[in-house]
Structure formats: C-alpha cells, structure tokens
Q: 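My questions all concern the structure below.
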Amino acid sequence: MEFTASQIASFIDGKIIGDENALITGVSPIENGESGHLSFIAQDRFSHFLDTSKCSVIIVSEKLLNKNSYNPTLIVVKDAYLSFQILMNLYQEMRGRKEGIEDGSSIHDSAVIGDQVYIGAFTYVSEKAKIGEGSQIYPHVYIGKGVKIGKNCKIDSGARIYDYCIIGDNCVIHSNTVVGGDGFGFQPTAEGFKKIPQLGNVIIEDDVEIGSNCSIDRATIGSTIIGKGTKIDNLIQIAHNVKIGQNNVIAAQAGIAGSTTIGDWNQIGGQVGVVGHIKIGNQVKIQAQSGVNSSVNDRETLYGSPAISYNDYLRSYVHFRNLPGIVNRINNLENNSKDNTNE
C-alpha cells in the first residue's frame with residue numbers, strides 16, 4: 001500500500017512540517033530508517049534521529065521539537081506512540097479479515113456459527129459449541145463440547161479450547177495455548193496419588209489477549225477466571241480456580257498456583273512464581289523472578305524470593321553484595337578484641 005504524508009496525517013489529526021506529498025511505501029524502526037518509509041519518535045532519547053534518519057516521514061511528539069526545519073517530513077502530534085498505534089490498527093483492518101469455512105474442517109451439526117466467521121482447515125468444532133459473529137478460527141484449532149466464543153475473537157493455529165469453557169468478545173488466543181486442561185489435583189493415598197476430577201471450566205472475559213504456549217487450567221468446581229482487558233504473555237501457567245481481575249499484565253514464564261485471587265491493574269514480571277490460596281490486591285508491581293508466598297496489599301512493589309518490599313530488597317542487596325567485606329571486618333574486630341583482652 002502507498003500513502004502520502006497528508007493522508008497519514010488525516011488519520012491521526014497531525015500537523016505536517018515539510019512535504020505533504022511525500023510518499024510512504026513501508027515502515028521502519030527509527031534506528032534503521034529507509035527512504036520511502038515511515039517511523040515515529042516519542043521519547044527524547046531518540047530525538048537525534050530527527051536530523052539523521054533516512055525515513056521520508058516521521059511521526060513525532062510535539063514536545064520534542066526545538067527548531068522549525070528538519071530533513072524528513074514530520075507529522076507532529078501530541079503523543080507519537082499512541083498515534084503510531086492507531087495507524088497500525090488501521091493498517092491491520094485494511095488487510096482484511098478472512099471469512100468462510102475451509103475444506104477439511106469438521107463442524108458438528110449442533111454447533112452454532114455466527115455471521116462472517118472464518119474457520120480454517122483441520123479445525124474441529126464439537127457439539128453445541130457457539131462461535132460469535134466475525135470471529136477468526138485458524139487451522140488446526142480444537143473447540144470442545146459446549147464451548148462459547150464471543151464476537152470478533154481470533155484463535156490462532158494449534159490452540160485448544162476444552163469443553164464448556166467460555167471466551168468473551170474481542171479476545172485473542174495465540175498458537176498452542178490450552179484453555180481448560182485439567183487442574184493439577186491429586187489426593188495422596190497409601191496406594192499413590194489419586195486424581196481428583198476437574199469438573200469446572202475457564203471463563204475468559206472480553207478484550208483479553210493470551211500469548212502462545214500458555215496453560216490455563218479448568219477449575220475443580222466453579223470457574224478459573226481471567227478478567228476483562230487482561231494481557232497474558234507467552235509460556236504462562238495459570239492453575240485451577242485462579243481468579244484474575246481486570247487489566248492485569250503478566251509477563252512470560254510466570255506461574256500462578258491454584259485458588260489464588262489477583263485484583264485489578266497489576267503488573268507481574270517474567271518468571272514470577274505465586275503460591276496458591278493467597279490474595280494479591282490492586283495496582284501491585286511484582287519484579288521479575290520474584291517469589292510471592294503470602295498475600296499482598298494494594299499498590300505494593302515487590303522484589304526477591306521470597307518477595308519483600310522493593311525498596312527493602314534494594315537496601316538489603318547492597319549489604320549482600322558487600323557481605324565478604326563485612327564478614328572480614330567482623331572477624332578483624334573480633335581478633336582485635338581478643339588481642340586487647342589478652343593484654
């Protein structure tokens with residue numbers, strides 16, 4: 001696709017400095033700009049590229065301008081990062097959506113398929129499943145019995161949605177993620193560990209995105225719940241009966257054990273481990289590789305394993321790094337004390 005600078009500016013209500021007819025045929029990172037390409041600058045540490053980038057057009061936050069003339073054509077906006085996101089979403093919509101049912105898919109007669117749905121080859125849709133209007137189900141997806149998928153969802157190739165799970169509107173589930181596998185429930189007996197039936201389901205509310213290779217286990221009874229607007233990275237384990245609130249972000253390789261409740265607007269870093277049966281409040285930040293083994297109040301920032309207050313951890317770590325020197329000083333003090341006592 002080709003666009004002029006003036007066309008791009010009209011999409012994001014931008015002001016042009018330079019050639020409004022400058023032609024754009026592609027997009028580049030600002031560090032590797034190319035002629036005929038578009039990029040953006042939203043932070044001061046990249047502002048030097050305004051004079052050195054080879055990009056033909058740059059979207060820039062107005063606060064970063066300090067002169068009247070630049071080599072590339074500029075589209076000046078209040079927030080360049082947000083404006084660039086708007087453009088990317090528009091471009092994705094322009095690429096079009098697939099529709100129709102491809103050969104090789106298998107759909108049970110009792111399944112209900114909405115309008116303008118795409119179902120790719122080798123996808124299996126079980127009995128009494130429901131797929132909402134405009135949803136995109138890519139090849140090799142399994143949709144179990146009684147599953148409900150809302151409107152305008154995207155389920156990527158190889159995902160598995162097990163029986164009776166519910167997915168809201170505008171959700172994205174990436175490849176090889178399993179929603180509704182059995183929770184890890186076993187009863188120890190004299191003969192070994194006996195499996196406890198996992199009879200619940202998973203409920204994923206609207207506007208949730210789940211990365212690839214995640215496992216979200218069904219509840220033993222009741223529901224495992226992922227709240228509206230939550231974003232889950234790749235390679236994450238969420239155990240049975242976990243309840244996650246709205247607008248959380250959880251980074252890769254985190255694990256949340258069973259029956260833990262997490263509030264709203266939390267940020268959980270990569271490789272964080274959370275034990276079961278605790279409560280994490282709202283607006284909590286948990287730094288990467290932390291281990292959380294007790295409940296957490298609202299607006300705390302944690303670090304370490306077991307996790308403690310972020311500021312306490314940093315102060316403690318200073319001493320830990322200097323521990324050999326501190327031990328030597330203590331030994332010297334003890335030796336000097338003994339010498340003085342002997343005298």
Q: For Lys148, which residues count as a salt bridge (Lys or Arg N to Asp or Glu O under 4.0 Å) partner, sequence neighbours excluded?
A: none

Q: Got a donor-acceptor contact below 3.5 angstrom from the Asn266 side chain to the Gly281 backbone?
A: yes

Q: Can you find a heavy atom in the side chain of Leu323 that is under 4.5 Å from one in the side chain of His319?
A: no

Q: Measuring from atom OG of Ser290 to atom CD1 of Ile308, what distance do you get when rounded to the nearest 0.5 angstrom?
A: 9.5 Å

Q: Could you tell me the separation between the CZ atom of Phe46 and the CG atom of Leu64, rounded to the nearest 0.5 Å?
A: 11.0 Å

Q: Got Leu302 and Tyr313 here, is their nearest side-chain heavy-atom distance under 4.5 Å?
A: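 Leu302 vs Tyr313: side chains apart.
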
Q: Would you say Gln92 has more than 12 foreign heavy atoms packed within less than 6.0 Å of its CD?
A: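 Not buried by this count: 12 neighbours or fewer within 6.0 Å.
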
Q: Please enumerate all residues that pass ring-ring contact (aromatic ring centres under 6.0 Å, His included) together with Tyr81, with sequence neighbours excluded.
A: Phe40

Q: Roughly how far, to the nearest 0.5 Å, is CD of Gln237 from CD1 of Ile232?
A: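 Here the interatomic distance stands at 11.0 Å.
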
Q: Tyr310: what forms a ring-ring contact (aromatic ring centres under 6.0 Å, His included) with it, not counting sequence neighbours?
A: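 For Tyr310 the ring-ring contact (aromatic ring centres under 6.0 Å, His included) partners, ignoring immediate neighbours, are Tyr303.
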
Q: Determine whether Lys231 and Glu209 make a side-chain contact, defined as any pair of heavy atoms from C-beta on separated by less than 4.5 Å.
A: yes

Q: Below 3.5 Å, can you tabulate the donor-acceptor pairs from side chains in residues 13-23 to any protein atom, sequence neighbours excluded?
A:
residue	atom	partner	partner atom	Å
Asp19	OD1	Asn21	N	2.9

Q: I'd like to know if the side chain of Thr230 reaches the main chain of Asn248, judged simply by a donor and an acceptor atom lying under 3.5 Å from each other, with no hydrogens or angles considered.
A: yes

Q: Does Ile238 reach the side chain of Asp217, with side-chain heavy atoms less than 4.5 Å apart?
A: no

Q: Do Val179 and Val208 share a hydrophobic cluster (ILVMFWY, side-chain heavy atoms under 4.5 Å, transitive)?
A: yes

Q: For the pair Asp233 (side chain) and Ile250 (backbone), establish whether a donor and an acceptor sit closer than 3.5 Å, ignoring hydrogens and angles.
A: no

Q: So, Ser175 side chain and Ser157 main chain: donor-acceptor pair closer than 3.5 Å or not?
A: yes

Q: If we ignore angles and hydrogens, is there a donor and acceptor under 3.5 Å between the side chains of Asp264 and Asn247?
A: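 Per modelled atom types, Asp264 and Asn247 side chains form no pair under 3.5 Å.
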
Q: Does a donor on one side chain and an acceptor on the other come within less than 3.5 Å for Glu127 and Ser110?
A: no

Q: Kindly compute the distance separating CG (Asp206) from NZ (Lys151), expressed to the nearest 0.5 Å.
A: 10.5 Å

Q: Just by distance, no angles: are the side chains of Asn234 and Gln253 close enough, under 3.5 Å, to form a donor-acceptor pair?
A: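 Judged by distance alone, the side chains do not pair up.
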
Q: State whether Asp51 and Lys67 are salt-bridged, where the test is any N-O pair (Lys NZ or Arg NE/NH1/NH2 against Asp/Glu carboxylate O) under 4.0 Å.
A: yes

Q: Treating Ile, Leu, Val, Met, Phe, Trp and Tyr as nodes and any side-chain heavy-atom pair under 4.5 angstrom as an edge, say whether Val275 and Ile262 lie in one connected cluster.
A: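 Looking at the clustering, Ile262 is in the same group as Val275.
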
Q: Please check if atom CZ in Arg329 has more than 12 non-hydrogen atoms from other residues, nucleotides or ligands closer than 6.0 Å.
A: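 No - once you tally the heavy atoms of other residues, nucleotides and ligands closer than 6.0 Å, there are 12 at most.
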
Q: When you look at CD1 of Ile221, are more than 12 heavy atoms from neighbouring residues, nucleotides or ligands closer to it than 6.0 Å?
A: no

Q: Can you hop from Ile216 to Ile225 via hydrophobic side chains spaced under 4.5 Å?
A: no

Q: For the atom pair OG (Ser69) and CG (Leu50), what is the distance rounded to the nearest 0.5 Å?
A: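 Here the rounded value is 11.5 Å.
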
Q: In Å, rounded to the nearest 0.5 Å, how long is the span from CD1 of Ile167 to CG of Asp169?
A: 11.0 Å

Q: Could you tell me whether Lys195 and Asp182 make a salt bridge, using a distance below 4.0 angstrom between a side-chain N and a carboxylate O?
A: yes

Q: Using modelled atom types and a 3.5 Å cut-off, is there a donor and acceptor pairing between side-chain atoms of Ser135 and backbone atoms of Ile131?
A: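 Checked: no pair found.
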
Q: Parallel, tilted or perpendicular for Phe186 and Phe184, by the 30°/60° rule?
A: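 It falls in the perpendicular class, over 60°.
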
Q: Same hydrophobic cluster for Val112 and Val147, using side-chain heavy-atom links shorter than 4.5 Å among ILVMFWY?
A: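 Val112 does not cluster with Val147.
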
Q: Inspect the surroundings of OH in Tyr162 and state if more than 12 heavy atoms from other residues, nucleotides or ligands are less than 6.0 Å away.
A: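 Not more than 12 within 6.0 Å, no.
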
Q: Has the side chain of Thr220 got a donor or acceptor atom that lies under 3.5 Å from a matching backbone atom of Gln198?
A: no

Q: side-chain contact (heavy atoms from CB on, under 4.5 Å) with Val77: which residues, sequence neighbours excluded?
A: Ile12, Ile59, Ile75, Ala80, Ser83

Q: Among Glu102, Lys154, Gln136, which residue meets the side-chain hydrogen bond (donor to acceptor under 3.5 Å, both in side chains) test with Tyr118?
A: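 Of Glu102, Lys154, Gln136, side-chain hydrogen bond (donor to acceptor under 3.5 Å, both in side chains) with Tyr118 is met by Glu102 alone.
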
Q: Between the side chains of His37 and Ser28, is a donor N or O closer than 3.5 angstrom to an acceptor N or O?
A: yes

Q: So Trp265 and Asn282, do their side chains get closer than 4.5 Å, heavy atoms only?
A: no

Q: Sub-3.5 Å donor-acceptor pair from the side chain of Asn322 to the main-chain atoms of Gly325, do we have one?
A: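 No; judged by distance alone, with no hydrogens or angles, the pair does not exist.
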
Q: Which residues pass the side-chain contact (heavy atoms from CB on, under 4.5 Å) test with Glu99, sequence neighbours left out?
A: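 With neighbours one apart ignored, the set is Gln116.
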
Q: Among Gln287, Gln283, Lys285, whose side-chain contact (heavy atoms from CB on, under 4.5 Å) with Gln267 holds?
A: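 Per the side-chain contact (heavy atoms from CB on, under 4.5 Å) rule, the option paired with Gln267 is Lys285, out of Gln287, Gln283, Lys285.
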
